[in-house]
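Have a look at the structure below, then the notes.
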There are 2 protein chains.
Amino acid sequence: MTLALDAAAQDLLFREARTANTFTDEPVSDEQVQAIYDLVKFAPTAFNQQPLRVVLVRTPEGRERLVQHMADGNKAKTSSAPLVAILAADNEFHEELPAQLPSFPQAAELFFTERPVREASAHFNGALQAGYFFLGIRAAGLAAGPMTGYNAEGINKEFFGDGDHSVLAVVNIGKPGEDAWYPRSPRLAYDEVVTTV
Amino acid sequence: MTLALDAAAQDLLFREARTANTFTDEPVSDEQVQAIYDLVKFAPTAFNQQPLRVVLVRTPEGRERLVQHMADGNKAKTSSAPLVAILAADNEFHEELPAQLPSFPQAAELFFTERPVREASAHFNGALQAGYFFLGIRAAGLAAGPMTGYNAEGINKEFFGDGDHSVLAVVNIGKPGEDAWYPRSPRLAYDEVVTTV
């Protein structure tokens, strides 16, 4: 009873949720994606920056353009999942920062004038947001199948082309199908991860 | 009713939870931290890698060693929070990968022999795990105050010293105190983040 989060929510988000490799044909609606976004958008980032961008791949043409850049082992499931989303970081997020952080509008020009600094920040905070998004998919009662096996440069050029976006992950979304997952792999024990000074 | 996650859990983790800047004196126990870890350790990463490392700063000496590296605006709250944790990525996570991924034990030597590749992977997946950890703090009924304003090199040398760890965030943990948070800053609208192809 150490946690305040109820057991059903623990199971839905963490304990019973699994990365899915197969899906049923049941479609995933824009309303579901919006409900996911409108939940996870509140999770914390540094300076309230919001570099995450999401491309929903809904057309057969879009699917083909994506699959060609996926690693061989990911092509079949990326082709067949009900919905595939490309998660990317906008490395020019600082342009929106004064509006996102009205209490400290000068943060953009104080900290983010240099592109390498911006990129590192966009990648870190975009990764935080990607993780929140994966949990949001589970919160919607769906299974997520995140993938990082792809030609990143190929995806960046194919779907963004402005040189300002970095793909972070591609995620299959839907209801889990037959034999959707492998046996759970082990996790590090608390004492292997947490130390005290 | 588009989400499967119950409303109380939505509020606890996302909608009502806020980044805290002040805390009460109520201590945070090791049992609470273990409950947080034992929940969020199940959230997904690439290849089931687990680069996240957590240093709990419990002694006055440890607190002083940390505070000297924090940005001026973060020193007071880092000094006074009931518990402070340093979250870092272990860039040599690949040594554990064969045990973490028994279904594909050759992943480490196929993909992670080069240090820059390992670092990028450790930073991305460590960031995912850091985000999960922030939500885990909220799942324990506590408030998180994540910070990225510090001298990263200083913290890496002070607390790790092996050249193999990269601090990702420092997080204050406890029950929220008086005037614990600023007004909620805006979030990007769905249409500003999500596009369809």
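Note that these values count all heavy atoms, side chains included, but never hydrogens, waters or copies made by symmetry. Proteins come first, then strands; the chains are lettered A, B, ... in the order of their sequence lines, and each starts at number 1.
- For A:R184, the part lying near chain B is the side chain, with the backbone staying farther off; criterion is any non-hydrogen pair under 4.5 Å.
- The two residues B:Y37 and A:V193 come nearest to each other via the heavy atoms OH-CG2, 3.4 Å.
- Taking both residues in full, the closest heavy atoms of A:P186 and B:P102 are given as CD-CD, 3.7 Å, listed atom of the first, atom of the second, then distance.
- Heavy-atom pairs under 4.5 Å with chain B were tallied for A:G131, A:A130, A:A139, A:P44; the largest tally goes to A:A139.
- More than 12 heavy atoms of other shown residues, nucleotides or ligands fall within 6.0 angstrom of atom CD in A:Q106.
- Distance OG1/B:T148 to CZ/A:F111: 9.0 Å, rounded to 0.5 Å.
- Taking all atoms of both residues into account, the shortest heavy-atom contact from A:F124 to B:L168 is CZ-O, 3.4 Å.
- Counted within 6.0 Å of CG on A:D25, heavy atoms from surrounding residues, nucleotides or ligands total 12 or fewer; the atom is thus considered open.
- Taking every heavy atom of both residues into account, A:K41 and B:L188 meet most closely at CD-O, 4.4 Å.
- Only the side chain of B:F159 comes within contact range of chain A, with heavy atoms under 4.5 Å apart.
- Placement of B:L56 and B:V40 within a single hydrophobic cluster is found when ILVMFWY residues are connected by side-chain heavy-atom separations under 4.5 Å, directly or transitively.
- The part of B:E192 that comes within reach of chain A is its backbone (N, CA, C, O), which places non-hydrogen atoms under 4.5 angstrom from that chain.
- Side-chain contact between A:L135 and B:L13: absent, with no pair of heavy atoms (C-beta onward) separated by less than 4.5 Å.
- Looking at A:T59, both its backbone and its side chain come within 4.5 Å of chain B, counting heavy atoms on both sides.
- Residue B:R63: no heavy atom, backbone or side chain, is found under 4.5 Å from chain A.
- Environment of CD in A:Q68: crowded, with over 12 heavy atoms of neighbouring residues, nucleotides or ligands closer than 6.0 Å.
- Residue B:L66 does not touch chain A at all, counting heavy-atom pairs closer than 4.5 Å.
- Of the inter-residue distances, the one linking A:L12 atom CG with B:D6 atom CG reads 8.5 Å to the nearest 0.5 angstrom.
- Within a 6.0 Å sphere centred on CG of B:D179, other residues, nucleotides and ligands contribute 12 heavy atoms or fewer.
- Chain A forms the most heavy-atom pairs under 4.5 Å with one residue out of B:A144, B:G126, B:A43, and that residue is B:A43.
- In this structure, B:L3 is a member of the same hydrophobic cluster as A:V171, with clusters built from ILVMFWY side-chain heavy atoms closer than 4.5 Å.
- Heavy atoms of B:A120 lying under 4.5 Å from chain A are absent altogether.
- Side chain of B:R187 to backbone of A:F42: a donor-acceptor contact under 3.5 angstrom is found.
- If you measure heavy-atom distances from B:T195 to chain A, the contacts under 4.5 Å come from both the backbone and the side chain.
- Nearest heavy-atom pair, A:L128 versus B:A127, reported as atom, atom and distance to 0.1 Å: CD2-O, 3.2 Å.
- For B:A189, the part lying under 4.5 angstrom from a heavy atom of chain A is the backbone only.
- Heavy atoms of B:T196 lying under 4.5 Å from chain A belong to its backbone as well as its side chain.
- In this structure, CD in B:Q34 is found 9.5 Å from OG1 in A:T2, a value given to the nearest 0.5 Å.
- Using a 4.5 Å cut-off between heavy atoms, A:A17 makes no contact with chain B at all.
- For the options B:A140, B:P183, B:G141, B:P146, heavy-atom pairs under 4.5 Å to chain A are most numerous at B:A140.
- The contact between B:F134 and chain A is made entirely by side chain atoms (from C-beta outward), counting heavy-atom distances below 4.5 Å.
- Heavy-atom distances place the backbone of A:A99, and not its side chain, under 4.5 Å from chain B.
- Of the listed residues (B:Q50, B:Q32, B:R65, B:Q129), the greatest number of heavy-atom pairs within a distance under 4.5 Å of chain A belongs to B:Q50.
- Between B:R58 and A:V197 the shortest side-chain heavy-atom distance does not fall below 4.5 Å.
- Across B:S185 and A:L101, no two heavy atoms sit closer than the pair OG-CD1, 4.1 Å.
- The hydrophobic cluster containing A:M147 does not contain A:V54, counting ILVMFWY residues as joined when their side-chain heavy atoms lie under 4.5 angstrom apart, directly or transitively.
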